[in-house]
Amino acid sequence: MEVLVASLISVMVAGGAVASLIMGSSSWIKGSASLDADTSAERAVRRISAELREAMAVTVDGGGQGLTYRLPTKDGSGNFTSPITWDGVTRRIELSGEQIQIISGASTRVLIKNVTTTDPSTNTAYQLFTPGAGVVARAITIKVATSHVALKRQSNNQTRKSRYRETIYLRNIPELTSH
């Protein structure tokens, strides 16, 4: 009888330990997915911000899901030439499906995947790029919402969503033309 009771207690303790381990690893996976979503959204906005801060002209699309920009010419050392002139390459940043991509001339590179078109906090559609007021936009607000699957089970996909938003102030100048 004593061996049976001891065995039963041992099984209960071992079962509790296994259940705690499973719950802990599940929480860790969910936290990792949340961190991935946060980090990728922040990284994408930072890269877009760095790209646009050098631009000499930025035009946001009417729907706010893309923009076109021009960069000034640089010399062999990476310094801007003077007077400032356009380098002749048309560049775009746009939402294509569930990813944001940068198009530079003939090349395209994916900046971030798993972009959602619905803001996770308000559950409404949002614009990626919102220009500031004025004829020549001096500021653009960038908002990126992402989702990452935390746990893949046969019937239950748990996704973690993140949103990162930043207003950047452009150093662009109006394009100068000579008459």
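Keep in mind the model is a prediction, meaning the values are calculated, not measured. Position 1 is the first residue of the sequence; numbering continues from there.
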Exercise: identify the closest heavy-atom pair between V144 and A41
O-CB, 4.0 Å

Gap between atom CG of L111 and atom CD1 of I100 - 0.5 Å precision:
6.5 Å

Apply side-chain contact (heavy atoms from CB on, under 4.5 Å) to K143 and T130, showing your working.
CA-CA 8 Å; K143 187 190 315 184; T130 307; over 6 Å; no

Where the side chain of Q65 meets the backbone of Y126, is there a donor-acceptor pair that is under 3.5 Å apart?
yes

Of all heavy-atom pairs linking S49 and I168, the shortest is OG-CG2, 3.0 Å

How long is the gap from OG1 on T117 to CG on L128, to the nearest 0.5 Å?
9.0 Å

Minimum-distance pair of heavy atoms, taken over all atoms of V58 and I140
CG1-CD1, 3.4 Å

side-chain hydrogen bond (donor to acceptor under 3.5 Å, both in side chains) filter on Q101, not counting sequence neighbours, yields E94

Distance, nearest 0.5 Å, that separates CZ of R46 from CD of E166
4.5 Å

Run the side chain to side chain contact (heavy atoms under 4.5 Å, CB included) test against V110 and tell me which residues pass, sequence neighbours left out.
Q99, K113

Please evaluate residues F129 and I142 with respect to the criterion side-chain contact (heavy atoms from CB on, under 4.5 Å), reporting the C-alpha separation (whole Å), side-chain torsions for both, the decisive distance (0.1 Å), and the verdict.
CA-CA 5 Å; F129 306 105; I142 305 167; 4.0 Å; yes

same_hphob_cluster(Y69, F80) at 4.5 Å side-chain heavy-atom cutoff:
no

Sorted by chain and residue number, the salt bridge (Lys or Arg N to Asp or Glu O under 4.0 Å) partners of D87 (sequence neighbours excluded) come out as R91

Return the minimal non-hydrogen interatomic distance between L71 and W86, and the atom names on each side.
O-CD1, 3.4 Å

Any donor-acceptor N or O pair under 3.5 Å, side chains T85, T73
yes

Short question: side chain of D75, backbone of S77 - any donor-acceptor pair under 3.5 Å?
yes

Is it true that I93 and I103 fall in one hydrophobic cluster, defined by side-chain heavy atoms closer than 4.5 Å?
no

At their closest point, which heavy atom of I112 faces which heavy atom of S40, and how far apart are they?
CD1-O, 3.2 Å

Heavy atoms from other residues, nucleotides or ligands near CZ of R165 exceed 12 (cutoff 6.0 Å)
no

Roughly how far, to the nearest 0.5 Å, is OG of S82 from CD1 of I84?
7.0 Å

Please check: side-chain N/O of T116 versus main-chain N/O of T118, any donor-acceptor pairing under 3.5 Å?
yes

CD of Q127 to CG of L95: how many Å apart, nearest 0.5 Å?
12.0 Å

Ignoring hydrogens, what is the shortest heavy-atom contact between G105 and V89? Give both atom names and the distance.
N-CG1, 3.6 Å

